[in-house]
Amino acid sequence: MSACIASFFSYETTKSVVVKSWTLGLINRIVQLLILAYFIGWVFLHEKAYQVQDTAIESSVVTKVKGSGVYNKTIMDITDLVSPPQGSSVFSIITNMIITEDQKQDHCPEVSSARADPSTRGPSGHIRIMTGRCVNSSNSVDSFCEVKGWCPTENDTVTTPIMEVENFTIFIKNNIRFPMFGFAKGNLQPDITQDFLKTCSFHTQDNIYCPIFKVGDVLRFAQQDFYSIAKHGGVVAIKIGWVCDLDKSEEFCNPSYSFVRLDKKNNVSKGYNFRYAKYYKAENGTKYRTLIKAIAIRFDVIVYGAARKFNVIPTLINIVAALTSVGLGTVLCDIILLNFLKGAQQYKAKKFEEVEEEELEKQTMKLTSTLDSIVD
Ligand SMILES: *[C@@H]1O[C@H](CO)[C@@H](O)[C@H](O)[C@H]1NC(C)=O
């Protein structure tokens, strides 16, 4: 108990022991050099620890699609094929349509025979309101039940896609800002000309700053086959990355584009489609609509980014951390010195010296008495 208290109320102070050993000296310097190299090479040069980072990028995206195609002998332009028309960062280009014309409120038989068979009808089968009557068609295998609502019901036969969509172009205007540094830039290069914009087409190697993308190219860069995505629909991301080192000149802060398909392929719910209708009224007051099931490629323009710039605080913190870590070399050398070197016991004795208070007093008494005798 008293030993415990005594050890608690004792003070340790460091005493430097100079060991004249080539091996130890070399190990010490090598360890210090490695730590210094790590901080300079990795922490400062590679990880750029002297900079602060802003990932809260602010961005605006405006898109414009151009092109026209043929569907069912009708020429369709972007007003018919692009939805919504505002030019937002998420838009769909319709590649195929199932059009059911002149629907009105009525009673009519359902088209699909599977829906008429109650055993195969799941919860979604009851979306329609049934009249309760079922009619047998001339073909005795199929029986159709009557539904109430917009008639005639949608015909689910799919035609060939609008292949011209492959040649449609998407123009993307993207402006970004890093609020922490007050830095703003757009994806149109400052030296861009009207003529260049009219003729250029983006390419991942040859033309990385052209803001006009051919639909077929985008799908190819995303490793997708145009025909299969046009047939079933799909979702494709156009990603714009802004990774900028603002310690360098502004001209080095440029967007990089990448493309990826976002919807996972599966057999149950294939592709992407949506329905919409156009309503009109006949002179006699009957309301009609044209129902359109649109199979489309949806493009999501996703902007991400991070900007970095020199800042005093992280620089100072990391310099202090580096200098402190250089001292770690002595820890390793101490372990070697006290355990593995020849004459470790002597070193230990030299390094840890215990001094008792009483002994000190005795020594000082002796000293003063000798001094006294000298003075006498
Ligand atoms: C797309 O454009 C190319 C070159 O202008 C043309 O050869 C091709 O037939 C076009 N594709 C479609 C589906 O119209």
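All ligand and atom numbering here is 1-based and tracks the order in the structure. Treat the numbers as computed from the prediction; the structure is a model and nothing was measured.
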Short N or O separations between ligand 1 and the protein, below 3.5 Å:
unit_1, atom_1, unit_2, atom_2, d
ligand 1, 2 (O), N167, OD1, 3.3
ligand 1, 2 (O), N167, ND2, 2.2
ligand 1, 11 (N), N167, ND2, 3.0

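- Interatomic distance, D102 CG to L291 CG, rounded to the nearest 0.5 Å: 12.0 Å.
- Residue pairs meeting the ring pair (Phe, Tyr, Trp, His ring centres under 6.0 Å) criterion with at least one member in residues 153-176, sequence neighbours excluded, do not occur.
- Taking the six-membered ring wherever Trp is involved, the centroid distance between the rings of F202 and F259 falls below 6.0 Å.
- A salt bridge links R298 with D300: at least one charged nitrogen is closer than 4.0 Å to a carboxylate oxygen.
- Using cut-offs of 30° and 60° on the angle between ring planes, the pair H203 and F221 is perpendicular.
- F299 is not connected to I212 by any chain of hydrophobic side-chain contacts under 4.5 Å among Ile, Leu, Val, Met, Phe, Trp and Tyr, and they are in different clusters.
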